[in-house]
Asks: 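Please see the structure below; I have some questions.
Treat the numbers as computed from the prediction; the structure is a model and nothing was measured.
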Amino acid sequence: MSAPAVVSVRDLASHVGEVVRVRGWLTNRRKSGGLQFLQVRDGSGTVQAVAKKDSLDAALFEALSGLGQESSLIVDGEVAADPRSPGGVELKLTGGQVIGTATDFPISNKEHSSGFLMEHRHLWLRSSKQAATLRVRARIIKSIRDYFDSRGYICFDAPMFTPAACEGTSTLFEVDYFGEPAYLTQSGQLYGEAGAMALGKIYTFGPTFRAEKSKTRKHLTEFWMIEPEIAFATLDDVMDVAEEFIETIVQDVLADCEPELTVLERDLDKLRAIKRPFKRETYDESVARMEAAGHAFKHGDDFGAPDEEFITHGSDKPVLVHRWPADIKAFYMKRDPADDTRALAVDVIAPEGYGEIIGGSERADDLAFLEEQIAAHKLPKESFEWYLDLRRYGSVPHGGFGLGLERTVAWICGTKHIRECIPFPRMLYKIYP
RNA sequence: UCCCCGGUAGCUCAGUUGGUUAGAGCAUCUGACUGUUAAUCAGAGGGUCGUCAGUUCGAGUCUGACCCGGGGAGCCA
């Protein structure tokens, strides 16, 4: 007799009445005399398998009764709809095989501290909320690629090793590059600009590294960023793309990941509300709102976490804040022709306290201005000669933005800490496992 | 880097003004139970109280230094 067909737990409901095979790991077991209820997880979901002593091979029944949490096993059984079973269907066991035993799995169904879970990240990934978060992450990545690929953008990979900073040198990881200092990239943007001059519309997507001594729920030292760059785009064009892009990602996830969002206990109505248009206001308008409400803030400063919360308070959508004071923004941003003290920059601030998920701008396209800025920021001009070439040879208005992937995942999943939004987070002083 | 909080069983924690043999729940192990839902019930094993030094007749408890973890700030996506 041939082995039953292997079926994913997620698909079991369409196999009621059939004898199938499930391969996975034991998450929990309850015994009641001659009955065993085995919770079997296969990565797509968890199903209850029922073993009856009087209808199963005695040796197998005995072997199952000694299995510890996270032992791996193959189980064969008839799929039966049963309201008594969590999930609605269960497997009435007819056979099976223990593959790998496990004893004293460190992560139980009870509470653990985040420090303990982080030390066991490689095992924590098996728990339902972590797995659901990473499934949503994967869906977001697909949505990001689909959005740009379907609109004529070319995927353009920027290098990880770079000779110099693009936004200041204090937060770079230095590496030894054949005896010369090099740095891990903190943004692919400058290279993306070269790509836009070659291909029209591009996006970079890859890991970026920042040696900031940040110890907050919103920071990683290694995080993934998606950075579109568009030739001939103005700041308004950039904001239009950012809005449509965010709406598309959120609605894609809603359409495809409702089971995961339910596991994560996410309020779906909050995500359904993410539809254009979003609120747009200038930095000065934001500050005026803060002042009118008595919210303490020094005009000219960048927004801190409480300020970002204020900006989106009472709004269920992201808010776009544009035209920032130029001296708190990067050297490559274009000045507002209507006010030289303002940069044509935009930050997109996510609702519910998730903070800035996008930073973008129209780029400075004038050679002389950029040379001034590089000098004013005390950047090594020789490292930027290639970048200045982009202005020497057919410079055009252009712009783009960077979206932080993990912050976006955290917001959409409703995850409090960004460390759960990447398989193996890299944080201040933390690089294991 | 700065500010707060913490470190006691595998995990999560309690531990009185310093005082006999440091406790609980969960987990583990043994036993009972043929429909459990974080099953339940009975029993058992399990500790260098973060490290070092100090105060004291006596330190899990008080003091100092250091190590590790958590939360927040600044900075950023």
Side-chain angles (χ1 to χ4, degrees), chain A residues 27-39 46-56 61 65-66 68-70 80 82-88 90 92 102-120 123-124 127-128 167-168 170-172 186-189 207-227 242 301-308 328-330 345-350 354-360 401-411 416-419 421-422 427-430 432:
Chain A
T27 63
N28 198 9
R29 186 191 57 242
R30 288 178 284 273
K31 280 192 278 192
S32 183
L35 269 181
Q36 292 186 62
F37 302 95
L38 310 165
Q39 308 301 322
T46 301
V47 67
Q48 170 164 286
V50 184
K52 287 192 179 182
K53 191 170 192 172
D54 55 17
S55 61
L56 201 65
F61 190 89
S65 75
Q69 185 186 348
E70 289 303 321
D82 193 321
R84 295 172 298 184
S85 179
E90 65 179 22
K92 295 188 179 306
T103 51
D104 298 326
F105 188 73
I107 299 174
S108 70
N109 294 323
K110 292 282 184 175
E111 306 169 272
H112 296 287
S113 64
S114 55
F116 178 83
L117 291 169
M118 282 303 302
E119 282 172 24
H120 297 83
L123 303 176
W124 188 24
S127 64
S128 59
E167 302 186 18
S170 62
T171 61
L172 290 168
Q186 59 183 180
S187 164
Q189 183 207 307
T208 52
F209 308 88
R210 298 197 184 171
E212 291 162 3
K213 302 251 171 122
S214 302
K215 199 172 175 302
T216 81
R217 69 181 66 174
K218 292 176 185 166
H219 286 84
L220 299 168
T221 56
E222 176 183 305
F223 66 97
W224 285 64
M225 192 150 64
I226 178 106
E227 297 177 279
D301 281 359
D302 205 347
F303 293 164
D307 310 318
E308 289 181 344
I328 58 169
K329 285 293 180 183
V346 59
D347 281 4
V348 181
I349 302 169
Y354 284 93
E356 183 183 350
I357 54 172
I358 277 181
F401 61 81
L403 172 112
L405 177 64
E406 288 77 14
R407 286 187 183 177
T408 303
V409 175
W411 166 46
K416 282 287 162 269
H417 202 300
I418 196 170
R419 66 186 160 216
C421 297
I422 185 169
M427 298 183 293
L428 184 60
Y429 306 133
K430 207 180 285 293
Y432 179 91

Asks: Under 4.0 Å, heavy atoms only, any strand: does Asp302(A) hit a base, just the sugar-phosphate, or nothing?
Replies: sugar-phosphate

Asks: Between the side-chain atoms of Gln36(A) and the base atoms of G35(B), is any donor-acceptor pair under 3.5 Å?
Replies: no

Asks: Base contacts versus sugar-phosphate-only contacts with protein, heavy atoms under 4.0 Å: please encode nucleotides 45-50 of chain B as B, S and - from 5' to 3'.
Replies: ------

Asks: Restricting to salt bridge (charged side-chain N to carboxylate O under 4.0 Å, His left out), what partner residues turn up for Glu70(A), sequence neighbours left out?
Replies: Arg41(A), Arg126(A)

Asks: Reckon His417(A) touches a base, only the sugar-phosphate, or nothing at all at heavy-atom distances under 4.0 Å?
Replies: sugar-phosphate

Asks: Apply side-chain hydrogen bond (donor to acceptor under 3.5 Å, both in side chains) to Gln36(A) and list each qualifying residue two or more places apart in sequence or on a separate chain.
Replies: none

Asks: With a 3.5 Å cut-off and heavy atoms only, can you find an N or O donor on one side and an acceptor on the other between the side chain of Lys213(A) and the base of G74(B)?
Replies: no

Asks: Among residues at least two apart in sequence or on other chains, which ones pass salt bridge (charged side-chain N to carboxylate O under 4.0 Å, His left out) with Glu406(A)?
Replies: Arg137(A)

Asks: Find every protein N or O atom lying less than 3.5 Å from an N or O atom of nucleotides 7-13 of chain B, and list the pairs.
Replies:
unit_1: C11(B); atom_1: O2'; unit_2: Glu111(A); atom_2: O; d: 3.0
unit_1: C11(B); atom_1: O2'; unit_2: His112(A); atom_2: ND1; d: 2.7
unit_1: U12(B); atom_1: OP1; unit_2: Ser113(A); atom_2: N; d: 3.0
unit_1: U12(B); atom_1: OP1; unit_2: Ser113(A); atom_2: OG; d: 2.5

Asks: Taking only residues two or more places apart in sequence or in another chain, which ones pass side chain to side chain contact (heavy atoms under 4.5 Å, CB included) with Thr103(A)?
Replies: none

Asks: Under the rule for salt bridge (charged side-chain N to carboxylate O under 4.0 Å, His left out), what residues qualify as partners of Asp301(A), not counting sequence neighbours?
Replies: Lys298(A)

Asks: Answer yes or no: does a side-chain N or O of Tyr429(A) lie under 4.0 Å from OP1 or OP2 of U1(B)?
Replies: yes

Asks: Give one of base, sugar-phosphate or nothing for Leu405(A), where a contact means two heavy atoms less than 4.0 Å apart.
Replies: nothing

Asks: Extract the stems that RNA chain B is part of, considering only consecutive pairing runs of at least three Watson-Crick or G-U wobble pairs, both distances under 3.5 Å.
Replies: B:1-7 with B:67-73, B:10-13 with B:23-26, B:28-32 with B:40-44, B:50-54 with B:62-66

Asks: Run the side chain to side chain contact (heavy atoms under 4.5 Å, CB included) test against Lys430(A) and tell me which residues pass, sequence neighbours left out.
Replies: Met118(A), Met427(A)

Asks: Reckon Arg419(A) has a side-chain N or O less than 4.0 Å from the OP1 or OP2 of G71(B)?
Replies: yes

Asks: List for me each residue that meets side-chain hydrogen bond (donor to acceptor under 3.5 Å, both in side chains) alongside Ser108(A), sequence neighbours excluded, and say none if there are none.
Replies: His112(A)

Asks: Would you say whether Phe37(A) stacks on G35(B)? The test is a distance between ring centres of less than 5.5 Å and an angle between planes of less than 30°.
Replies: no

Asks: Tell me, please, which residues at least two apart from Lys92(A) pass side-chain hydrogen bond (donor to acceptor under 3.5 Å, both in side chains).
Replies: Glu90(A)

Asks: Could you pull out all residues at least two apart from Ala350(A) that satisfy side chain to side chain contact (heavy atoms under 4.5 Å, CB included)?
Replies: Tyr354(A), Ile357(A), Trp411(A)

